[in-house]
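Below is one structure; the comments refer to it alone.
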Amino acid sequence: MLGRMQDWPLTVDRILDHAKAWHGDREIVTRSVEGPIVRTTYAEVHKRAKRISNALRAMGIQPGDRVATLAWNSARHLEAWYGIMGIGAVCHTLNPRLFSEQLIYIINHAEDQVIFTDLTFAPLLAQIREHIPTVKHFVVLTDEAHLTDQLPGAVAYESLVAGHSDDCVWGGFDENTPAGLCYTSGTTGNPKGVLYTHRSNFLHTLVTASADVLGIGGRDIILPIVPMFHANAWGIAFSAPAVGAKLVMPGPKLDGASVHELIEAEGVTFSAAVPTVWQMLLAHLRQTGGKLTTLKRVAIGGSAVPEAIVRGFRDEYGVDVTHAWGMTETSPLGTIASPSYKVAEMDEETQLSFKLKQGRPPLGIDLRLVDDQEKLLPHDGETFGRLKVKGPFVVGQYFKGDGGEILDSEGFFDTGDVATIDEYGYMQITDRAKDVIKSGGEWISSIEIENIAAGHPKAELAAVIGVAHPKWDERPLLLVKLRPGESGTKEEFLKFLDGKIAKWWTPDDVVFVDDIPLGATGKIDKKILRQRMSDYVLPTAG
Ligand code: ADP
């Protein structure tokens, strides 16, 4: 027997339909690539997205075809997204921070037929265009007046919008139709594509908007600094229109001064970004004496949030930090460190220690911790294990079946992260499986040490890697990039760590470096660091 409720496929075009119908006058403000601040509304975005759908159909785009975007967060980018997804085509978000060879690989693998690009990236595409033969059309997200000849043959977005009608039917397909495609940055092997469905995005939207997750609503003014090309801006390009929040799109300018200016000018109440962005904002505020008069909460994820950021926001600016964990493969939200009812009863300092963990799973994420024999591990906050996830917005298979079968016999996906889970259900990432330091058969968390070291007042960035050791297999090495004009000693950094980590976790050496490389999604690139340090021998190794 089946139930008797309506069949209403969960497709994302309905999100923008809803925003148009019930929040049609709510604003979307963009710092445009051309310079000025531009304003539009959900009603307007809806209309123009439909025009883009018609333009794509005129180009011959069929359901299932891949259409890429290489663009900053902007209202035009949002229109292109919904225009693509509304007709059942797949919106493939390209990350401009990737190396050209990776971009070429990804575009060819996805067989993108059209690329919507910002002016910023036109030269980059011109350089690689002969290597991406599947791409038949380039659309530059600008108007005729600003179109340059950097990408010959490209058309101006505004001409497409002007040249097509907004009469277009969206949806009407199965909710399991693919909607979006996003490649993991491929720190090991080739990048792999995660092919989201309308249903997975829709469910992720409902879950992430809820109170204990992002907790956003129609009265919020949201600044997604996390790019739409990085795991769907953590779903905000769906959840903001779903709840009718005002959206503030930062365009290309993500430095502290530009972000601050937007927050204050537009009255932003909630924002989301990786830790490095917040470090830049806090540094800017401290230098200029700036204030945050409207911002209430920020979500931080992508890499572990350093304690100094949580304290800085809380004590100096009265802003609450919510720490989240996830990955491209989980749409991306996996856990969030909102206070449970028990944690909420604890004193502020104890609560802070839970904020630094990656948190608890929302409905829709099954989480488990296992050892190498797949045995379930205790939730004691100490036992390290492999973190596995399962759920309706977790990857089932990579695009085109790359990597083969990726789920275990019970349908769980191995995240490649190593974690603990405590008695309150708070998960804490201790490392990526490939970065964990194995010393004398025990595991040392590189992330924990580097986060503490990064809190040293002289440190701008800190990274910890495992280095070969004849007796212990591997020992930790701390690499520090000092703030401009500072000088430091090994002793003062080791003293700073003393008492904050187990004695045997103390790095065997501290090396000061000019640069700590960050990957395309803002995380420390340990592969490059290990290559750079390949000739290095620990002083304790003799
Ligand atoms: P990649 O950067 O490898 O393409 P993602 O952007 O999907 O992949 O990043 C996912 C990974 O980022 C996670 O598996 C985890 O290792 C790391 N990560 C994400 N959020 C956090 C966090 N809050 N704390 C620590 N690590 C995190």
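In each ligand, atom 1 is the first atom listed, and ligand 1 is the first ligand listed.
Contact analysis leaves P332 out of contact with ligand 1, as no non-hydrogen atom separation drops below 4.0 angstrom. Using a non-hydrogen distance threshold of 4.0 Å, A231 does not register as a contact of ligand 1. Using a non-hydrogen distance threshold of 4.0 Å, G416 does not register as a contact of ligand 1.
Under a 4.0 Å N-O distance rule, the pair K388/E410 does not qualify as a salt bridge. Between E111 and R66, at least one side-chain nitrogen of the basic residue sits less than 4.0 Å from a carboxylate oxygen of the acidic one, meeting the salt-bridge criterion.
Comparing L333, D417, D525 against atom 13 (C) of ligand 1, the shortest heavy-atom distance belongs to D417.
Taking a cut-off of under 4.0 Å to the non-hydrogen atoms of H323, the atoms of ligand 1 that pass are 22 (C), 23 (N), 24 (N). Within ligand 1, counting atoms from 1 as listed, the ones closer than 4.0 Å to a heavy atom of W325 are 13 (C), 15 (C), 18 (N), 19 (C), 20 (N), 21 (C), 23 (N), 27 (C). Atoms of ligand 1 lying under 4.0 Å from at least one heavy atom of G302, given by number and element, are 12 (O), 17 (C), 18 (N), 19 (C), 20 (N), 21 (C), 27 (C).
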Without placing hydrogens or testing angles, list every side-chain donor-acceptor pair under 3.5 Å for residues 304-313, not counting sequence neighbours.
| from | atom 1 | to | atom 2 | distance (Å) |
| --- | --- | --- | --- | --- |
| E307 | OE2 | R311 | NE | 3.0 |
| E307 | OE2 | R311 | NH2 | 3.0 |
| R311 | NH1 | E349 | OE1 | 3.2 |
| R311 | NH1 | E349 | OE2 | 3.3 |
| R311 | NH2 | E349 | OE1 | 2.7 |

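Within the 4.5 Å cutoff, the side chain of W504 has heavy atoms near those of the E442 side chain. Between N232 and C182 the shortest side-chain heavy-atom distance does not fall below 4.5 Å. Between L70 and F116 the shortest side-chain heavy-atom distance does not fall below 4.5 Å. Using a 4.5 Å heavy-atom threshold, the side chains of H109 and D402 count as touching. A heavy-atom distance below 4.5 Å is found between the side chains of R483 and E460.
Only backbone heavy atoms of S303 (N, CA, C or O) come within less than 4.0 Å of ligand 1; its side chain stays farther off. For M327, heavy-atom contacts with ligand 1 shorter than 4.0 Å involve the backbone as well as the side chain.
In terms of polar-atom proximity, T184 is not counted as a contact of ligand 1, lacking any N or O under 3.5 Å from an N or O of the ligand. Residue I447 has no N or O atom closer than 3.5 Å to an N or O atom of ligand 1. In terms of polar-atom proximity, defined here as any N/O pair under 3.5 Å, I429 makes no such contact with ligand 1. For E329, no nitrogen or oxygen atom sits less than 3.5 Å from a nitrogen or oxygen atom of ligand 1, counting backbone and side chain alike. The distance criterion of under 3.5 Å between nitrogen or oxygen atoms is met by R432 with respect to ligand 1. Note: no N/O pair closer than 3.5 Å links I300 and ligand 1 by distance alone.
The side-chain contact (heavy atoms from CB on, under 4.5 Å) check on A71 picks up H77, D118, L141, with sequence neighbours excluded.
A donor and an acceptor atom, one from each side chain of W443 and D431, are nowhere located under 3.5 Å apart.
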